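Every chain is numbered from 1 and lettered A, B, ... according to where its sequence line falls, protein lines coming before strand lines. Just so it is clear, the structure is predicted and the values come from calculations on it, not from any experiment.
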Amino acid sequence: MPQIEQLAATYSSQIFWLLITFGLVFFIVGRGMVPRVMNTVALRDDQIAGDLAAAQAARDEADAREADWRQRENENRAAAQALVGEAKLASGAETEAKLAVAQQRVDARLVEAEQRISGARDAAMQEIEAVASSAAQDITQRLAGIAVPPESAQAAVRRALADG
Amino acid sequence: MAADTAKVDPMYQFTIEPLFGSANWELAGYNIAFTNSALWMVITTVLLWLFVLGGMKRELVPGRWQMAVESFTGFIDDMLAANVGPAGRKYVPYIFSLFMFILFANLLGLLPLGLVGVHPFTFTSHFTVTGVLAIMSFSIVLIVGFARHGLHFFSLFVPHGTPWPMIPIIAPIELISFMVRPFSLALRLFVAMMAGHVLLKVLSSFVISGGNAGIGYGILIGLPSLALMIGISALEILVAGIQAYVFALLTSLYINDAENLH
């Protein structure tokens, strides 16, 4: 077993070179390079965490903006609706007023027309009475030879018309 | 490597040989020959450096290599966070170095480089090496423990809720189990790596001997041994990772004791 047979002859060289090489590994690789490698990892982790946080913040802001916009939109819509309702109301009132005016005009003309018609009818009636009474005078004159005074003829025609 | 030597001695692969005529290098009276073991430590160091260097591009969207390096650092970081808590972060460089150094050493030792004439050497199969690593971890536990808790660190040997008549019995047991830690750390890795390599070498010598003894022996002994070798090679790759993980995990558990007591 060379490990034991050569122990006395080689232990100092083994220990010496081990200390040299492991010392180099420890100070150059372990102390010099490993912290930087770990630092890189830590930086990357930080960056990823930061990016995620930024993305989350952007998302939250977008949500907030959307909610804001939605609220404004609703307000605008309500305002527009109110405006429309108001306009409808106003135009309804106006139409009613106009209709009332037109109605009055129409009523006035109707009254006038009726008066005219009843006037014409009265005139026609008097004319018919006059014609009928004179006709009745003539008929009684010719048939009976009685001269009827115009007043009684007129009264008889009026009675007959009224019985009509 | 020389097949005849391997046939004779499956332990030959663990022999340490000075390279480049450095057998007599000395420092303060101690031999510091640049051996094949030291060469593989250097190769491990360089490859580990290159591996982590490939993950240093610091891109926001990592490539495959960077992803691999980051998953290793993340793995160690998670392990320390789970076992030690937030105070464990400062040990990431040490545990990472330990884990990756052992992992690379184990895996490099398994490479079939013998096919191209290079003899891979698994320095984690030497207890001088694993022992130094274990003592290093144990020292960190002691230093951190006494620095953070002072003499109160000795309360580690009296588990919470021990009835006081039991303390004289429990405390020595806890002390022994505590003192055994560096040995168990070192021996576990060393034995696992050595056993696997010896097994592979023994089986390969079966394949070679069986093949040399004739076609019948070759089919009867050589082929099953080869099949077993393939399976055990896969198992050894698993063991290489598991042993590195166990070493790092136990070290972080011991550090947890030092940081948080019980």
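- Atom CH2 in A/W17 sits 11.0 Å away from atom OG1 in B/T45 (nearest 0.5 Å).
- In terms of heavy atoms, B/G55 sits closest to A/V37 at O-CG2, 3.9 Å.
- Heavy atoms only, all atoms of each residue included: A/M38 and B/T73 are closest at CG-CB, 3.9 Å.
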- Query: Are A/T40 and B/M56 close enough, and set up right, to give a side chain to side chain contact (heavy atoms under 4.5 Å, CB included), and what steps lead you there?
  - Reply: CA-CA 9 Å; A/T40 309; B/M56 295 270 293; over 6 Å; no

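- For the 3.5 Å distance criterion, the side chains of B/S37 and A/Q14 qualify, holding a donor opposite an acceptor.
- For A/F26, the parts sitting under 4.5 Å from any heavy atom of chain B are the backbone and the side chain alike.
- With a threshold of 4.5 angstrom between heavy atoms, B/L53 approaches chain A through its backbone and through its side chain.
- Counted within 6.0 Å of CD on A/Q56, heavy atoms from surrounding residues, nucleotides or ligands total more than 12; the atom is thus considered enclosed.
- B/F51 does not touch chain A: none of its heavy atoms, backbone or side chain, sits under 4.5 Å away.
- Atom CD1 in A/I15 sits 7.5 Å away from atom CD1 in B/I135 (nearest 0.5 Å).
- B/R188 CZ: more than 12 foreign heavy atoms inside a 6.0 Å radius.
- For the pair B/P62 and A/R44, the minimum side-chain heavy-atom distance is below 4.5 Å.
- When all heavy atoms are compared, the tightest approach of B/P93 to A/G30 is CB-O, 3.2 Å.
- For B/I76, no part sits under 4.5 Å from any heavy atom of chain A, backbone or side chain.
- Residue A/I20: no heavy atom, backbone or side chain, is found under 4.5 Å from chain B.
- Contact of B/Y94 with chain A is made through backbone and side chain together, with heavy-atom distances under 4.5 Å.
- Neither the backbone nor the side chain of B/M100 comes within less than 4.5 Å of any heavy atom of chain A.
- In this structure, the portions of A/L18 lying under 4.5 Å from any heavy atom of chain B include both its backbone and its side chain.
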- Task: Start with the C-alpha distance between B/F96 and A/V29, add both sets of side-chain angles, then the distance that settles side chain to side chain contact (heavy atoms under 4.5 Å, CB included), and finish with yes or no.
- Result: CA-CA 9 Å; B/F96 180 84; A/V29 176; 4.0 Å; yes

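- A 4.5 Å side-chain heavy-atom check between A/L19 and B/M136 finds at least one atom pair inside the cut-off.
- Only the side chain of B/V92 comes within contact range of chain A, judged by heavy atoms closer than 4.5 Å.
- Counted within 6.0 Å of CZ on B/F75, heavy atoms from surrounding residues, nucleotides or ligands total more than 12; the atom is thus considered enclosed.
- Atom CD of A/E73 has more than 12 neighbouring heavy atoms from other residues, nucleotides or ligands inside a 6.0 Å radius.
- Considering CG of B/L48 and OG1 of A/T21, their distance stands at 10.5 Å, rounded to 0.5 Å.
- For B/R148, the CZ atom sits in a packed shell: over 12 heavy atoms of surrounding residues, nucleotides or ligands are nearer than 6.0 Å.
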